[in-house]
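Numbered from 1 within each chain, the chains take letters A, B, ... in sequence-line order.
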There are 2 protein chains.
Amino acid sequence: MPLSREKIAATAIRLADEHGLDGLSLRKIAKELGVGPMRLYDYVINKSELLDLMVDVVYARIAEVGQRSGWRDTVLAIAHATRDAALDHEWFSDVLGGRPHLGPHALAVGEATAAALSAAPGVRDIDDLQRAVGALNAFIVGSVRREVTERRTARATGTDEAAFQASLGPYLTRMLKTGRYPTVARLVIDGAHLNAEETFNHNLTTILDGITSRPAT
Amino acid sequence: MPLSREKIAATAIRLADEHGLDGLSLRKIAKELGVGPMRLYDYVINKSELLDLMVDVVYARIAEVGQRSGWRDTVLAIAHATRDAALDHEWFSDVLGGRPHLGPHALAVGEATAAALSAAPGVRDIDDLQRAVGALNAFIVGSVRREVTERRTARATGTDEAAFQASLGPYLTRMLKTGRYPTVARLVIDGAHLNAEETFNHNLTTILDGITSRPAT
DNA sequence: TATTGGTGGATACACCGTACGGTAGCGGGC
DNA sequence: GCCCGCTACCGTACGGTGTATCCACCAATA
């Protein structure tokens, strides 16, 4: 089993899944592979390139959803696949939008979404398409990042009310008790029960409706 | 001039503006302040806490836009202030959405946007408000990240066509020449002339229209 | 004057990415 | 058959990071 870019990327992904991107180091990857650290540089230029490799592996999984019947179903499938991938590989959300995704599978995903959106009503020319792709991707990136961040803090503080009160509570409740943030307070207190996937879905359709129902300029 | 959290955060922001977040280290900050590295730990627990401090300083600038006459003007002002701040402090976009923003000024910005959105038509109850805030913030985070990333790669590769062809060109043009990404190719070739701020504005109004014009469920 | 408390500094540790020099094995030319 | 050159592999080393710990000094108090 002679070592390869794929094998390196695979173990790197596994380690990143377990210990996060900060806990990922070339030395640990090498040790996990039973190899000296410098061996990796025969297959990869940088840690940065290794990261690009990992990212494109994830995009390969996203690209697997393929094409659905209608443009809207395709977009929905890609968006949900992206979200699922980010929830499986939380480090993926740390990189989302932070560097250009130019791997072959990333391009394939981009092509699929762009092709789907170009068939949407309200998308008339290339400028419309560029804006639509931008809006959709921005929403996906932002949503996924937000959800992963929330999940992390929930895991760090503990899900239950008691642990929350113990960790963030003292500061946050004191802040909210000042009365300077009444709307935020209402959101925190009353609005914590919404399902994440439903919210994602809801906002996604809102965005798509906004794109398609745009009046002619 | 005895050193303080504010002074530390200010020089940290300056260094991060110049050399990026990766080029920021406690040792450099300390050296810039003419102080041993460990002195900083008398004012800050972690590098993480220092980052939170820096982030909240930026949010203070964003919060300065205050309240406009209508809910829509307020939201637009906050969104643009966020974008401007991220373009001034590109490291800010690296952190956007990646950690909970709980500083007092961040909460103030959150309160202002939530309050404004709660007055928007189509936002009837707390659940609507939560979703609307989520959609808007997701879009802002994603858009700003994308724009900063593009600006960075443009700066790295050089703006002009020749340098671009020399750096990313060989790989990207070869990829696009395969014919597997026709829509992306069209976007890259034909659609590079759009103004970033206009696009941001356009998509922002699209999102807001989508939120306000949602049918009653 | 002796003691104590706090303040600033230096040193040290574990870890990181990666540049560099060396070595062992192997295929090809004479 | 012998030797050479080349390639694949590897260990060591350097400069940097965040941070814990200990130490020296100095002011104020008993």
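Taking the C1' atoms of five terminal pairs at each end of the helix from C:dT1-D:dA30 to C:dC30-D:dG1, the two resulting helix axes are inclined by 30°, rounded to 10°.
Taking the six-membered ring for Trp and thresholds of 30 and 60 degrees, A:F92 and A:Y59 have ring planes more than 60 degrees apart, a perpendicular arrangement.
Ion pairing between a basic and an acidic side chain is recognised when a charged N comes within 4.0 Å of a carboxylate O; A:E150 and A:R146 show such pairing.
Between the P atom of D:dT19 and the OH atom of B:Y43 lies a distance of 18 Å, rounded to the nearest Å. Between the C1' atom of C:dG8 and the CG atom of B:L3 lies a distance of 11 Å, rounded to the nearest Å. As rounded to whole Å, 14 Å separates atom C1' of D:dT19 from atom CG of B:L50. To the nearest angstrom, P of D:dC10 lies 5 Å from CZ of A:R39.
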Scan the side chains in residues 93-103 of chain B for donor-acceptor partners under 3.5 Å anywhere in the protein, sequence neighbours excluded, and list what turns up.
residue : atom : partner : partner atom : Å
B:S93   : OG   : B:E90   : O            : 2.9
B:D94   : OD1  : B:R152  : NH1          : 2.9
B:D94   : OD2  : B:R152  : NH2          : 2.9
B:R99   : NH1  : B:S48   : OG           : 3.4
B:R99   : NH1  : B:D52   : OD1          : 3.0

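With contacts defined as side-chain heavy-atom distances shorter than 4.5 Å, the pair B:V65/B:H80 does not qualify. The side-chain heavy atoms of B:Y41 and B:L26, taken from C-beta on, include a pair separated by under 4.5 Å. For the pair B:K7 and B:Y43, the minimum side-chain heavy-atom distance is 4.5 Å or more. Proximity of A:R68 to A:L76: side-chain heavy atoms (C-beta onward) are nowhere separated by under 4.5 Å. At a threshold of 4.5 Å between non-hydrogen side-chain atoms, the residues B:I78 and B:I140 do not count as touching.
Scanning residues 9-19 of chain A for heavy-atom distances under 4.0 Å to DNA chain C yields an empty list.
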Tabulate atom names and distances for all N/O pairs under 3.5 angstrom spanning the protein and nucleotides 12-19 of chain C.
residue : atom : partner : partner atom : Å
C:dC16  : OP1  : A:S25   : OG           : 2.8
C:dG17  : OP1  : A:L26   : N            : 3.4
C:dG17  : OP1  : A:K47   : NZ           : 2.8
C:dG17  : OP2  : A:L26   : N            : 2.9
C:dG17  : N7   : A:R27   : NH1          : 2.3
C:dG17  : O6   : A:R27   : NH1          : 3.2
C:dG17  : O6   : A:R27   : NH2          : 3.0
C:dT18  : OP2  : A:Y41   : OH           : 2.6
C:dT18  : OP2  : A:K47   : N            : 3.1
C:dT18  : O5'  : A:Y41   : OH           : 3.0

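Evaluation of the salt bridge (Lys or Arg N to Asp or Glu O under 4.0 Å) test over residues 41-51 of chain A, restricted to residues two or more places apart or in two chains, returns A:R5-A:E49, A:R39-A:D42. The side-chain hydrogen bond (donor to acceptor under 3.5 Å, both in side chains) analysis of residues 23-35 of chain B, with sequence neighbours excluded, yields the pairs B:R14-B:E32.
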